[in-house]
Amino acid sequence: MLDAIWILATAFIVVLIEKNHLKNSWKRKEKVTFFVLLLFGTFVSIAWVLGVKLSNPLEVIADVYRPVSVPLSLYLRQFQ
Amino acid sequence: MEKMKISVSQFTVLVLMYTIGSSILVMPSSLATIAKSNAWIASLLVLLIGLLFIFMYVKLSTVYPDKTFIEINKAVFGKWIGNSLSILFLATIFVMEIGILKDIGDFFTTQVMVETPIHAILILFLFATIYIIRKGIEVISRTCEIFFPWIVALLFILILFLIPELELKYLEPNLSKGMGPIIGGVIVHIGNPYSQLIVFLMILPFVNNVSKARKGYFMGVLFGGLVITIITAMCLAVLGDDFTSRNMYPTYILGKKIRIGNFLERIEVIVAISWVFTIFFKFTVNFFVLVLGITQILQLSDYKPLVYPLGFILMVYSMVSFPNTIYSKEFLIETWPPFALTFFVLLPLIVLTVAISKTKINKKDSQKSSSQ
């Protein structure tokens, strides 16, 4: 639980660091991108420290490439 | 963002560091697992194939000299198809990036600082990276130029002090299984490191002399590849192919073997230092390219909004996606080569073909209209 608070504090510090940019130079599009990504990042980090099982993106890639990777690994295994 | 300019020599050094990158520590082991004592031949062959890839990337940059790869996609295929291809390309870079981050953590927690939790190392590393990226590509390349002599000196010391330990009989090629093992070793390393150099298509437009930078591109890759080949041959000649293939980080063990007159011993940390520098620049360049690519797809005016949030995401997904070493090694050997081949080699090849035919059709059209 304490870890989650630390992550929230870090996200807040990041907003503080970017305060000048948020006030002066960034337009609406940049601000939206920043907050959406930051929210997603904070959300994912908190889920991870609380032990939620996040889906692994590499599993999807491995599934898509299975028709190629299985013969490849069979071919390579004969030399190992 | 348009004002950023780097010089040709800085670009060359950046390419060299990127090529040496993470491969110098990991590549001898994975090559020797498959190719055994022919690993150094396989390493040379991978370099030759890698130079072919670079030739293709350079050709692509001659068609559109002042555009990054994301912009080339858009110019060739139009907004929707081009951008969706670019998103797939950036997803590949993202996977590579989390792999590199996990590599760093794994190396430190297993070899150097055994009791430190992996997050502590990753967070410190990410802090340094985020700091340097917010300063821009100029600062990245200048830092690279400053640290380059250190890397050269450290690797030179490593190679020089190991000469007494060499046993050249381990280097004799053994073709009892035919060319199969060598080809297998080459296939595994198609995706790492040479095809990853496509990320420099995103940085090439920032160089102040693009035509000279193309030569620098070739030189950087060539020297980087030669360094990797020499280190692979050293690993084989000092440790033998069996010991090399059973170790996760044979180059680090190589440093432990240095022994000059019972006085100069255990200086393996010079390997760790040079590796941390090179992988730092590999990680930083990838991060920069990722951020720049997203900026260009979303057409933002500044890339800084993306840097901190992406740090969070990279950190978490490097832990989630590679839960253990076995999984990451399996992924690297089985899934990564075809995956990298699709988006780092086939995609640019298709883009190049379409781009060249498009410019030819345009030329014919303009000739027709001028003759009428």
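The analysis underlying the following values was restricted to heavy atoms, covering all of them including side chains, and did not include hydrogens, waters or symmetry mates. Lettering of chains follows the sequences in order, A, B, ..., and the numbering in each one begins at 1. What you see is a predicted model; the values in this text were computed from it and never measured.
Summarising the local packing, NZ of K31(A) is surrounded by more than 12 heavy atoms from other residues, nucleotides or ligands at distances under 6.0 Å. No more than 12 heavy atoms of other residues, nucleotides or ligands shown are found within 6.0 angstrom of OH on Y131(B). Surrounding CG of L39(A) are more than 12 heavy atoms belonging to other residues, nucleotides or ligands, all under 6.0 Å away.
Listed options S245(B), G184(B), G180(B) were ranked by heavy-atom pairs under 4.5 angstrom with chain A; first place goes to G180(B). For chain A, the option among P181(B), A35(B), G311(B) with the highest count of heavy-atom pairs below 4.5 Å is P181(B). Among T10(A), V70(A), I61(A), the residue making the largest number of heavy-atom pairs under 4.5 Å with chain B is I61(A). Per-residue heavy-atom pair counts under 4.5 Å with chain B were compared for I7(A), L22(A), T33(A), V49(A), and the maximum is reached by T33(A). No other option in L58(A), L37(A), L38(A) has as many heavy-atom pairs under 4.5 Å with chain B as L58(A).
Looking at V44(A), the atoms closer than 4.5 Å to chain B (heavy atoms on both sides) sit in the backbone and in the side chain alike. Neither the backbone nor the side chain of V307(B) has a heavy atom closer than 4.5 Å to any heavy atom of chain A. Only the backbone of S55(A) comes within less than 4.5 Å of a heavy atom in chain B; its side chain stays farther off. At a 4.5 Å heavy-atom cutoff, I294(B) makes no contact with chain A through either its backbone or its side chain. For a residue to count as touching a neighbouring chain, one of its non-hydrogen atoms must lie under 4.5 Å from one of that chain's; by this rule L72(A) touches chain B with the side chain only. For E30(A), the parts sitting under 4.5 Å from any heavy atom of chain B are the backbone and the side chain alike. Only the side chain of K36(B) comes within less than 4.5 Å of a heavy atom in chain A; its backbone stays farther off. When heavy atoms are compared at a cutoff of 4.5 Å, E59(A) approaches chain B by way of both its backbone and its side chain.
Residues S37(B) and E172(B) bring no donor and acceptor atom of their side chains to less than 3.5 Å of each other.
Aromatic ring orientation, F331(B) versus Y327(B): parallel (interplanar angle below 30°, classes split at 30° and 60°). Ring-plane geometry between W26(A) and H21(A) is classed as parallel, the angle between the planes falling under 30 degrees on a 0 to 90 degree scale with a further cut at 60.
Salt-bridge check for R66(A) with E334(B): failed, with every basic side-chain N at 4.0 Å or more from each acidic carboxylate O.
Shown are F40(A), F34(A), F35(A); of these, the side chain to side chain contact (heavy atoms under 4.5 Å, CB included) with P309(B) is made only by F34(A).
Checked by atom type and distance alone, the side chain of N174(B) pairs as donor or acceptor with a backbone atom of S176(B) at under 3.5 Å.
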